[in-house]
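Structure record follows, encoded as structure tokens.
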Number of protein chains: 2
Amino acid sequence: MSTIEQVALLAKVSVATVSRVVNNSAYVSEATRERVEQAIKKLNYQPNALGKLLRKETTSMVLILLHSVDNPFFATIVQGIEKVAHENDYNVLICNTYGDTEREQHYLKMLRNHLVDGVVFISNTCTSDEINYLNATFPVVQVVEYLTDIDAAHYSIDFYQAGRDLMDILYKNGHRSIGFVHTGSTEIVSSKEKFRAYKDFMKERRLPLITNYPDECLFGYANAKKIAGDLLDKHPKTTAFFATSDLLACGIIDELNFRGKSVPKDAMVVGFDNTSYAYVGKPNITSVELNSFQLGAMAMEYLMSKIKNKPVAHNNKCLIPYQIIERESTKKDSR
Amino acid sequence: MSTIEQVALLAKVSVATVSRVVNNSAYVSEATRERVEQAIKKLNYQPNALGKLLRKETTSMVLILLHSVDNPFFATIVQGIEKVAHENDYNVLICNTYGDTEREQHYLKMLRNHLVDGVVFISNTCTSDEINYLNATFPVVQVVEYLTDIDAAHYSIDFYQAGRDLMDILYKNGHRSIGFVHTGSTEIVSSKEKFRAYKDFMKERRLPLITNYPDECLFGYANAKKIAGDLLDKHPKTTAFFATSDLLACGIIDELNFRGKSVPKDAMVVGFDNTSYAYVGKPNITSVELNSFQLGAMAMEYLMSKIKNKPVAHNNKCLIPYQIIERESTKKDSR
DNA sequence: AACGGTAATGTAATCGATTACATTCTAAAG
DNA sequence: CTTTAGAATGTAATCGATTACATTACCGTT
């Protein structure tokens with residue numbers, strides 16, 4: 001790899017002139033420019049970003065921290081973030097933390113080290129204090145998942161109300177034995193709020209809770225089936241399920257089918273996030289559309305304002321409207 | 001943000017000593033160490049990685065370039081890559097290129113600029129010459145998708161043979177009117193090889209080709225249904241479909257159901273990649289398991305060897321075994 | 001010829017670390 | 001009381017860029 005010095009040497013000019021040619025930043029005579037460009041081509045010179053970044057104080061890159069990209073729901077948020085980033089000539093780096101604090105800290109070091117200009121948390125394992133500290137020093141924003149009791153901005157939806165809306169659908173369809181099924185972390189705001197919605201709804205109607213939450217929250221599709229099976233063993237008369245994701249809903253339907261029950265005739269199921277699983281699953285699954293592209297875009301807009309020290313356009317603790325998408329899994333007359 | 005100089009000043013030592021404390025790299029007396037650590041704590045000092053990286057020539061980070069994380073199939077490859085990376089104290093940055101050359105070039109600049117130590121291509125838009133050049137200068141590896149006529153290493157499977165195996169299943173089940181459905185890029189080796197397998201298989205048996213490939217390769221689920229619909233309009237007697245992905249297979253099954261045909265009774269369908277769609281879809285879909293976790297791990301092992309200048313353990317143009325997973329969508333006696 | 005203005009280029013400080021080399025200090029050995 | 005090894009610390013060069021400031025070259029005015 002050649003350096004600016006080698007180029008300067010070959011072109012018989014100073015490094016300053018080479019820099020001027022590369023960055024088009026000041027007067028350079030046509031003849032010199034030509035000579036420098038020749039030298040650059042000959043040496044196949046690529047400016048080393050480290051030198052540049054060390055001098056400048058900006059990188060035109062932001063980090064996206066999330067649990068893992070294997071959830072297709074996250075992909076849409078990322079796309080929203082990327083759209084706004086690209087409009088601002090920024091690029092994004094996506095990092096899987098797998099909910100591992102140590103790994104998250106490693107990536108956050110990139111922020112503290114000025115290797116990136118800001119961070120979007122789609123999920124995090126930080127303490128409130130830590131995010132508060134980061135937020136005081138660096139551009140930081142949370143999207144979809146967020147910590148409530150902190151200064152950092154967030155863009156999300158009202159998971160509690162969305163949860164109640166789903167419960168309403170099941171209830172209005174006559175269901176009284178409604179189960180709540182969740183896998184994965186119980187520490188995230190979405191799962192807490194969904195459960196609070198379920199719990200409140202059932203308690204207000206003096207109905208018994210039927211759930212694995214939060215005692216046994218394994219991960220993945222196979223475990224979803226197992227949990228649904230366990231609940232059905234304990235509460236065989238359960239006729240409706242609130243699953244906290246579409247994939248879980250698919251697992252529950254599978255288990256119901258396995259036990260000879262058909263959806264929505266014998267039991268109804270709702271999911272969450274309106275991912276492709278919601279319409280790939282048979283029957284299609286009633287779900288909640290979060291407008292995650294828009295959420296990602298709004299969060300990134302906020303972050304860009306912070307980075308560029310401009311006033312922030314919208315409220316920085318923002319819950320935007322969601323849509324309930326009713327599908328076959330809660331339609332009485334279907335099939 | 002405080003610098004090493006401020007710490008040195010506060011602790012009344014030289015920057016060299018601070019650096020020694022931080023990196024534990026040479027003799028430092030207990031008393032001094034204490035004093036420096038106090039100063040670090042008081043100033044909340046975080047070493048600026050740029051300074052360090054500029055001096056050192058390694059970053060302990062690699063880039064993963066792929067089309068977009070919205071394909072859950074990629075997530076497993078990434079996990080394999082990450083496993084080996086973490087074992088070597090490396091971290092990975094995932095970058096969506098959306099098949100956009102310009103964006104890809106931007107990220108590759110990070111490689112040329114020494115912001116990362118190497119690159120894993122899961123898909124690329126580079127020319128052969130470009131990859132050859134990169135490969136000559138930097139640690140580079142391709143996984144799953146690859147360019148054939150170049151020096152760079154790749155880890156993948158024999159898509160051609162896998163395609164023929166799938167065709168065999170459909171053929172042995174008595175199907176003669178077999179359609180081939182693809183959406184997305186036609187420029188990638190997997191789609192080329194799958195199609196070649198289909199074409200050869202059909203031609204050897206003097207059967208007519210029924211396909212949209214490569215004339216009209218739109219993206220996504222909705223388009224899959226449309227394409228399947230078009231093929232069925234033109235060739236109503238088509239009784240089997242080779243879909244190049246599981247999600248496509250789901251779309252085709254949907255369209256078949258819409259037209260009153262049931263799978264596998266009236267028509268059979270096979271997918272590819274053995275993603276969660278393959279078992280979420282109803283009926284479950286026969287697919288090809290690529291062992292993508294292992295592929296990712298092997299590719300990253302190769303990359304680590306290159307980065308550390310160690311001899312490479314396995315052949316660097318490697319096609320590993322795959323598995324055909326037969327499910328309901330090709331089972332004659334099912335339902 | 002002297003002057004001034006501007007275009008063109010160069011010099012050297014700077015960013016924040018690491019580290020080769022130099023220097024000082026300490027304590028044990030002779 | 002030297003001598004000396006090696007522990008402890010400091011000085012300054014270095015990585016590869018950018019850029020403030022200095023300098024030179026050139027040209028047109030008066």
Side-chain angles (χ1 to χ4, degrees), chain A residues 1-40 43-61 109-117 137-138, chain B residues 1-40 43-61 109-117 137-138:
Chain A
M1 285 272 76
S2 47
T3 70
I4 198 171
E5 204 151 348
Q6 293 167 21
V7 174
L9 214 65
L10 182 61
K12 297 191 201 307
V13 295
S14 72
V15 292
T17 302
V18 176
S19 175
R20 284 178 192 121
V21 169
V22 170
N23 299 294
N24 230 321
S25 57
Y27 303 113
V28 177
S29 76
E30 208 34 62
T32 317
R33 154 161 276 123
E34 195 81 0
R35 217 151 19 95
V36 171
E37 273 166 358
Q38 294 280 325
I40 287 176
L43 294 177
N44 191 21
Y45 167 67
Q46 297 278 348
N48 182 324
L50 291 172
K52 183 174 189 161
L53 295 183
L54 185 56
R55 201 66 223 284
K56 306 254 201 191
E57 301 257 284
T58 166
T59 66
S60 295
M61 293 197 298
K109 205 182 235 175
M110 292 180 69
L111 179 65
R112 290 192 273 254
N113 282 339
H114 308 280
L115 279 173
V116 295
D117 293 351
T137 323
F138 303 103
Chain B
M1 286 273 76
S2 48
T3 69
I4 197 171
E5 205 150 346
Q6 294 167 21
V7 174
L9 215 64
L10 182 62
K12 296 194 202 306
V13 295
S14 71
V15 293
T17 302
V18 177
S19 174
R20 285 180 192 119
V21 170
V22 170
N23 299 294
N24 229 321
S25 58
Y27 304 113
V28 177
S29 74
E30 208 35 62
T32 319
R33 154 161 277 123
E34 196 83 357
R35 216 150 20 95
V36 171
E37 273 166 357
Q38 295 280 327
I40 287 176
L43 294 176
N44 191 22
Y45 166 67
Q46 297 279 347
N48 182 325
L50 291 173
K52 182 172 188 163
L53 295 184
L54 184 57
R55 202 64 224 285
K56 306 256 202 189
E57 302 256 283
T58 167
T59 65
S60 296
M61 293 197 297
K109 206 183 235 174
M110 292 179 69
L111 179 65
R112 290 191 274 254
N113 283 338
H114 309 280
L115 279 173
V116 296
D117 293 351
T137 323
F138 303 103

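So that the names make sense, note that chain A is the first sequence line, chain B the second, and so on, each numbered from 1.
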Flag side-chain contact, heavy atom, 4.5 Å: A/Arg33 against A/Asn24: yes
Residue met sooner reading DNA chain C from 5', once B/Arg20 and A/Glu30 are mapped to nucleotides: A/Glu30
Separation of D/dT11 P from B/Leu9 CG (nearest whole Å): 12 Å
N or O in side chain of A/Tyr27 less than 4.0 angstrom from C/dA7 OP1/OP2: yes
Between B/Asn44 and A/Arg112: side-chain donor-acceptor atoms closer than 3.5 Å: no
Sugar-phosphate only, base, or nothing, as touched by B/Ser19 at under 4.0 Å among non-hydrogen atoms: base
Min side-chain heavy-atom separation B/Leu115-A/Thr59 under 4.5 Å: no
Whole-Å gap separating P (C/dC15) and NZ (B/Lys52): 20 Å
Touch class at under 4.0 angstrom, heavy-atom based, for A/Val22 against every strand present: nothing
Point-to-point distance, once rounded to the nearest 0.5 Å, from CD1 of B/Ile4 to CD of B/Gln6: 11.0 Å
Distance, rounded to the nearest Å, where B/Gln6 contributes CD and C/dG16 contributes P: 8 Å
A/Thr17 side chain near C/dA8 phosphate (N/O to OP1/OP2, under 4.0 Å): no
Separation of atom CG in B/Leu115 from atom P in D/dC15, rounded to whole Å: 18 Å
Closest to side chain of B/Val13, choosing from D/dG10, C/dA17, C/dG10: D/dG10
Residue B/Ile4, side-chain heavy atoms: nucleotide from C/dA17, D/dA17, C/dC21 that is nearest: C/dA17
Gap between atoms CD and P, on A/Glu5 and D/dT18 respectively (whole Å): 13 Å
Whole angstrom value for the distance that separates P of C/dT18 from CG of B/Asn24: 12 Å
Nucleotide of D/dA17, C/dA8, C/dA17 approaching B/Tyr45 most closely (side-chain heavy atoms): C/dA17
Candidates D/dT18, C/dG10, D/dT11 - which lies nearest the side chain of A/Asn23: D/dT18
Whole angstrom value for the distance that separates P of D/dG16 from CD1 of A/Ile40: 16 Å
Side chain of A/Asn48 (C-beta onward), nearest among D/dG16, D/dG10, C/dT9: D/dG16
Sugar-phosphate, base or nothing in reach of A/Gln46, heavy atoms under 4.0 Å: sugar-phosphate
Residue A/Pro47, side-chain atoms from C-beta onward, closest of C/dG10, D/dA17, C/dC21: D/dA17
Taking every non-hydrogen atom, the tightest pair across B/Thr3 and B/Tyr45: C-CE1, 3.5 Å
Sugar-phosphate only, base, or nothing, as touched by A/Thr3 at under 4.0 Å among non-hydrogen atoms: sugar-phosphate
Nearest-angstrom distance from the residue atom CZ of B/Arg112 to P of D/dG16: 18 Å
